[in-house]
Every structure is written in structure tokens, then in C-alpha cells.
Amino acid sequence: KPCGIETTFHEGIANGLKPLLPFYKEGLTYAGRLDKESEGLLLLSNDGRFIEMLTNPGSVKEKEYIVSVHMPVEPIFIENMKQGVVIMGQKTRPCEAWQTGNRTFQIILTEGRNRQIRRMCHQLGYKVEALKRIRIDRFELGDMKPGEYRKINI
């Protein structure tokens, strides 16, 4: 999914997913929303069981992201992200996180709350400048570019 696209199939949304998908048919749905400002891997299927397996909170599937923030990443920031951060009145699950550059890090979540990474960063005084999902469970984005799609075997 490219930045600027809403993760929705609603007719009234001009910048939704339908115009990007020449193969769109009723019954197609997605596993895990990405907010409008984010890009990356979005899995689409007409198999409800497959989508439920990936999105059910009890299934604990990993989702991996590359994140750029507005200031240098400090070790205490990474440690706090790993331990969990209170957002929307609840602490997030512990996760994996590691610094990859001066202002970048990767994170692997096992839950998918609304705007979770952005809210976690905000609580710790950081502003997300770019967020890209690169993996959901065993499915990886690889070298795909925003707006590209390919068929996968499940």
C-alpha cells in the first residue's frame, strides 16, 4: 500500500484501495489496516478463515515494521518500546525492537492496535516521520514497490 491511500473499499473514499486493484471483487478483504500515512505490506484475500487467522487478537501473529522518527533514537527509547508502552489506557505487549540507524528502528509487534507504533512513539516523545510494514507472519514485502501486488500461496 502506498502512502496517502486509505485502507478501505468504501465507495465514498476517493483515495481508497479499489482504484489500485484491477482485480477487485466483492468479498475481498484485508488483513491488518495501515493508516493513510503508512506504506507497506497489505494482504488481501476472499478467504475469511485466512484473514481471521491473521487478524484475530488471540492468534498472536508477528507484524514487522521499519520506522523513521524525527530525532535520534536513544537506547532508552528502544528499551521502553520493547517493554511496552501505555497507550489508550493499556500497556502494549512486549515486543522486539532494535535501532537500525540514527533516526530509524525496526519493530516486531504481536498485536495491532489502532496507530499503535505512532502512539507508542508519541508517548515517548518521538514523532514518526515514515512507517513501512515489511512482514505479516511468514509473508514478506521483499522488493515490492508501493502499489505493486502479487499472488501468494497460502
Side-chain angles (χ1 to χ4, degrees), residues 1-69 78 80-98 100 104-124 126-154:
K1 180 191 95 58
C3 285
I5 300 297
E6 301 259 3
T7 306
T8 184
F9 292 123
H10 288 265
E11 294 291 335
I13 306 292
N15 57 347
L17 292 170
K18 279 186 182 180
L20 294 177
L21 306 171
F23 56 83
Y24 175 80
K25 291 183 178 146
E26 289 298 321
L28 189 65
T29 191
Y30 41 82
R33 298 174 67 93
L34 279 173
D35 64 34
K36 186 176 179 180
E37 299 86 23
S38 299
E39 71 174 89
L41 181 63
L42 187 64
L43 297 176
L44 304 167
S45 179
N46 60 0
D47 182 340
R49 288 177 295 171
F50 172 69
I51 296 297
E52 174 70 14
M53 182 262 311
L54 290 173
T55 60
N56 185 306
S59 67
V60 188
K61 299 295 181 187
E62 290 185 346
K63 294 164 279 300
E64 186 171 353
Y65 303 82
I66 298 172
V67 187
S68 298
V69 291
I78 295 294
N80 285 330
M81 292 292 278
K82 289 164 97 171
Q83 291 177 15
V85 177
V86 176
I87 60 170
M88 302 181 295
Q90 288 188 312
K91 190 171 184 178
T92 60
R93 287 182 191 156
C95 65
E96 294 181 50
W98 61 96
T100 56
T104 59
F105 67 98
Q106 279 186 231
I107 187 166
I108 299 174
L109 302 177
T110 58
E111 61 185 334
R113 296 191 204 175
N114 181 262
R115 300 177 66 87
Q116 180 172 343
I117 295 169
R118 292 180 190 278
R119 291 175 194 256
M120 291 171 74
C121 288
H122 178 77
Q123 284 296 109
L124 299 173
Y126 285 75
K127 181 178 186 255
V128 172
E129 292 187 334
L131 193 150
K132 181 178 186 177
R133 182 164 54 204
I134 59 171
R135 181 172 65 87
I136 300 173
D137 193 37
R138 69 180 196 270
F139 303 100
E140 296 186 16
L141 182 63
D143 60 359
M144 292 179 66
K145 305 288 183 257
E148 288 184 343
Y149 54 86
R150 69 173 179 244
K151 189 171 184 171
I152 58 172
N153 295 319
I154 54 172

Check whether any side-chain heavy atom of [X] sits under 4.5 Å from a side-chain heavy atom of [Y], and report yes or no.
X	Y	answer
Arg119	Thr92	no
Phe105	Met81	yes
Ile108	Cys95	no
Leu20	Pro2	yes
Leu43	Ile152	yes

Crowding at NZ, Lys18 (>12 non-hydrogen neighbours, <6.0 Å): yes
Is it the case that atom CD in Glu148 sees more than 12 heavy atoms from other parts of the structure closer than 6.0 Å? yes
What do the steps show when you test Leu44 against Tyr24 for side chain to side chain contact (heavy atoms under 4.5 Å, CB included), and what is the final call? CA-CA 10 Å; Leu44 304 167; Tyr24 175 80; over 6 Å; no
Give the minimum heavy-atom separation between [X] and [Y], together with the two atoms involved.
X	Y	result
Asn15	Gly4	ND2-O, 3.1 Å
Thr104	Ser68	CG2-OG, 3.4 Å
Phe9	Leu28	CE1-O, 3.3 Å

Residues at least two apart in sequence or cross-chain that pass salt bridge (charged side-chain N to carboxylate O under 4.0 Å, His left out) with Glu6, listed by chain then number, are none
To the nearest 0.5 Å, what is the distance between [atom1] ([X]) and [atom2] ([Y])?
X	Y	atom1	atom2	answer
His122	Leu124	NE2	CG	10.0 Å
Arg33	Leu42	CZ	CG	9.5 Å
Thr8	Leu17	OG1	CG	7.0 Å
Trp98	Lys82	CH2	NZ	9.5 Å
Cys3	Glu39	SG	CD	4.5 Å
Thr7	His10	OG1	NE2	11.0 Å

Could you tell me whether the side chain of Thr55 and the main chain of Ala31 form a donor-acceptor pair under 3.5 Å? no
With a 3.5 Å distance limit and no angle check, can you tell me whether Lys61 reaches the backbone of Ile136 through a side-chain donor-acceptor pair? no
Looking only at the side chains, is there a donor atom on one of Ser38 and Arg118 sitting less than 3.5 Å from an acceptor on the other? yes
All side chain to side chain contact (heavy atoms under 4.5 Å, CB included) counterparts of Ile66, not counting sequence neighbours: Gln106, Ile134
Qualifying salt bridge (Lys or Arg N to Asp or Glu O under 4.0 Å) pairs with a residue from residues 104-115, counting only residues at least two apart or across chains: Asp35-Arg115, Glu37-Arg115, Glu111-Arg113
Quick one: which residue pairs count as a salt bridge (Lys or Arg N to Asp or Glu O under 4.0 Å) with a foot in residues 130-146, not counting sequence neighbours? Glu62-Arg135, Glu64-Arg135
Set of ring-ring contact (aromatic ring centres under 6.0 Å, His included) partners for Tyr65, sequence neighbours left out: none
Taking Leu109 as the fixed residue, which of Gln116, Arg93, Glu96 is the one that meets the side-chain contact (heavy atoms from CB on, under 4.5 Å) rule? Gln116
Applying ring pair (Phe, Tyr, Trp, His ring centres under 6.0 Å) as the test, list every pair that has at least one member in residues 130-154; sequence neighbours left out. Phe23-Tyr149, Phe50-Phe139
